[in-house]
Amino acid sequence: MTWNCVLPKETLEGYRKAANATQEEMAHHMHLPLRTYEDLVTGKTQMRPVHSRAAEGALLFLARKRDDTRFLPPHLVDLLDDLAAARQKAVKLSREEAFASRWRMAKIVGVYKVDGTPVSVSERPLGEAIRLIAEGTVGHRTGRAQVFTEEGEGLLNYMDCVAVLKQYGQRL
């Protein structure tokens with residue numbers, strides 16, 4: 001799929017209906033005023049590539065929120081599959097490597113506030129990031145969090161963090 005294509009207005013409404021979303025909800029997740037969304041649907045405002053990308057982003061957000069990807073168009077399902085494969089290639093750190101690297105800077109991804117907005121946790125030592133995740137103190141759905149070193153090397157999920165904390169405890 002080319003990234004500068006424009007969705008027909010009918011496709012925009014079709015995507016919304018397939019996602020079982022209201023116009024208000026779709027506009028909100030596209031970061032548009034409702035009036036602008038309505039103008040796109042009626043043709044009063046011409047669809048541009050930025051609107052198409054916003055619609056795709058809204059669909060991805062709705063899929064995550066509803067834990068259901070069945071309504072996503074095939075090109076977005078392919079994108080998700082590609083991203084999942086890329087994440088699988090991330091090198092996991094052993095407990096010993098994580099402990100030895102505890103002073104390296106790290107970032108935590110996959111942590112959310114209760115309202116669903118992501119929490120950005122970075123510029124923390126790896127040891128502190130492991131402790132934050134294992135103790136569940138960084139945010140909602142901490143069990144889905146992952147820790148990377150700032151250089152993008154290594155990966156620890158929630159269970160890895162719990163195991164490292166159990167093994168090394170206060171020495172982290």
Side-chain angles (χ1 to χ4, degrees), residues 1-93 106-124 129 132-133 136 138-161:
M1 168 160 200
T2 175
W3 282 105
N4 59 358
C5 72
V6 177
L7 292 173
K9 64 182 181 182
E10 296 81 14
T11 304
L12 178 62
E13 271 296 271
Y15 283 172
R16 178 188 69 78
K17 289 175 182 174
N20 197 26
T22 64
Q23 285 191 342
E24 292 85 1
E25 191 175 20
M26 192 70 170
H28 172 76
H29 293 304
M30 287 177 67
H31 303 282
L32 294 174
L34 176 58
R35 185 56 160 176
T36 303
Y37 181 87
E38 292 169 340
D39 290 346
L40 289 169
V41 170
T42 62
K44 186 175 179 180
T45 298
Q46 184 177 355
M47 286 283 291
R48 298 189 331 250
V50 67
H51 299 123
S52 298
R53 299 298 72 77
E56 290 170 340
L59 290 173
L60 290 169
F61 180 85
L62 290 167
R64 184 185 79 185
K65 180 179 174 184
R66 296 179 177 157
D67 202 19
D68 182 8
T69 59
R70 291 176 292 177
F71 60 85
L72 291 177
H75 71 280
L76 290 181
V77 173
D78 291 344
L79 176 64
L80 290 176
D81 290 344
D82 291 347
L83 289 172
R87 288 194 74 126
Q88 290 297 321
K89 292 179 183 175
V91 179
K92 288 195 89 154
L93 292 175
K107 60 183 172 183
I108 301 172
V109 297
V111 178
Y112 304 90
K113 295 180 184 174
V114 175
D115 67 2
T117 56
V119 175
S120 177
V121 183
S122 59
E123 298 296 322
R124 302 279 180 112
L132 288 171
I133 288 180
V138 289
H140 182 60
R141 296 194 320 212
T142 302
R144 297 177 73 177
Q146 295 182 322
V147 180
F148 293 87
T149 62
E150 281 291 325
E151 297 83 18
E153 302 165 355
L155 160 68
L156 296 168
N157 63 24
Y158 170 75
M159 293 306 293
D160 298 329
C161 292

Legend entry - Heavy-atom pair of closest approach, residues F71 and A18: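 Heavy atoms only, the tightest pair is CB-O, 3.2 Å.
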
Legend entry - Considering all heavy atoms, the nearest A106-A129 contact: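 Answer, listing the atom of A106 first, then A129: CB-CB, 4.3 Å.
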
Hey, what do you get for [atom1] ([X]) to [atom2] ([Y]), rounding to the nearest 0.5 Å?
{"X": "L32", "Y": "Q23", "atom1": "CG", "atom2": "CD", "result": "12.0 Å"}
{"X": "Q46", "Y": "D39", "atom1": "CD", "atom2": "CG", "result": "13.0 Å"}
{"X": "E25", "Y": "L62", "atom1": "CD", "atom2": "CG", "result": "5.0 Å"}
{"X": "T11", "Y": "M47", "atom1": "OG1", "atom2": "CE", "result": "8.0 Å"}

Is any side-chain heavy atom of [Y] closer than 4.5 Å to one of [X]?
{"X": "R16", "Y": "V41", "result": "no"}
{"X": "P73", "Y": "L59", "result": "yes"}
{"X": "L40", "Y": "M26", "result": "no"}

Inset, instruction - Kindly determine whether E38 and K44 satisfy side-chain contact (heavy atoms from CB on, under 4.5 Å), including the steps that lead there. - result: CA-CA 8 Å; E38 292 169 340; K44 186 175 179 180; over 6 Å; no

Legend entry - Pairs touching residues 8-62 that satisfy ring pair (Phe, Tyr, Trp, His ring centres under 6.0 Å), sequence neighbours left out: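 The answer is H29-F61.
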
Inset, instruction - Begin with the C-alpha distance, continue with both residues' side-chain angles, and end with the deciding distance and a verdict on side-chain contact (heavy atoms from CB on, under 4.5 Å) for M30 and T36. - result: CA-CA 10 Å; M30 287 177 67; T36 303; over 6 Å; no

Inset, instruction - Using a cut-off of 6.0 Å, state whether more than 12 heavy atoms not belonging to R35 lie near its atom CZ. - result: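 Result for CZ/R35: open.
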
Legend entry - Residues which pass side chain to side chain donor-acceptor pair (under 3.5 Å) with D68, listed by chain and number, not counting sequence neighbours: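 Residues passing side chain to side chain donor-acceptor pair (under 3.5 Å) with D68: R70.
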
Legend entry - Any residue meeting side chain to side chain contact (heavy atoms under 4.5 Å, CB included) with L80, in chain and number order, not counting sequence neighbours: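 In terms of side chain to side chain contact (heavy atoms under 4.5 Å, CB included), with neighbours along the sequence ignored, L80 is linked to L60, T69, L72.
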
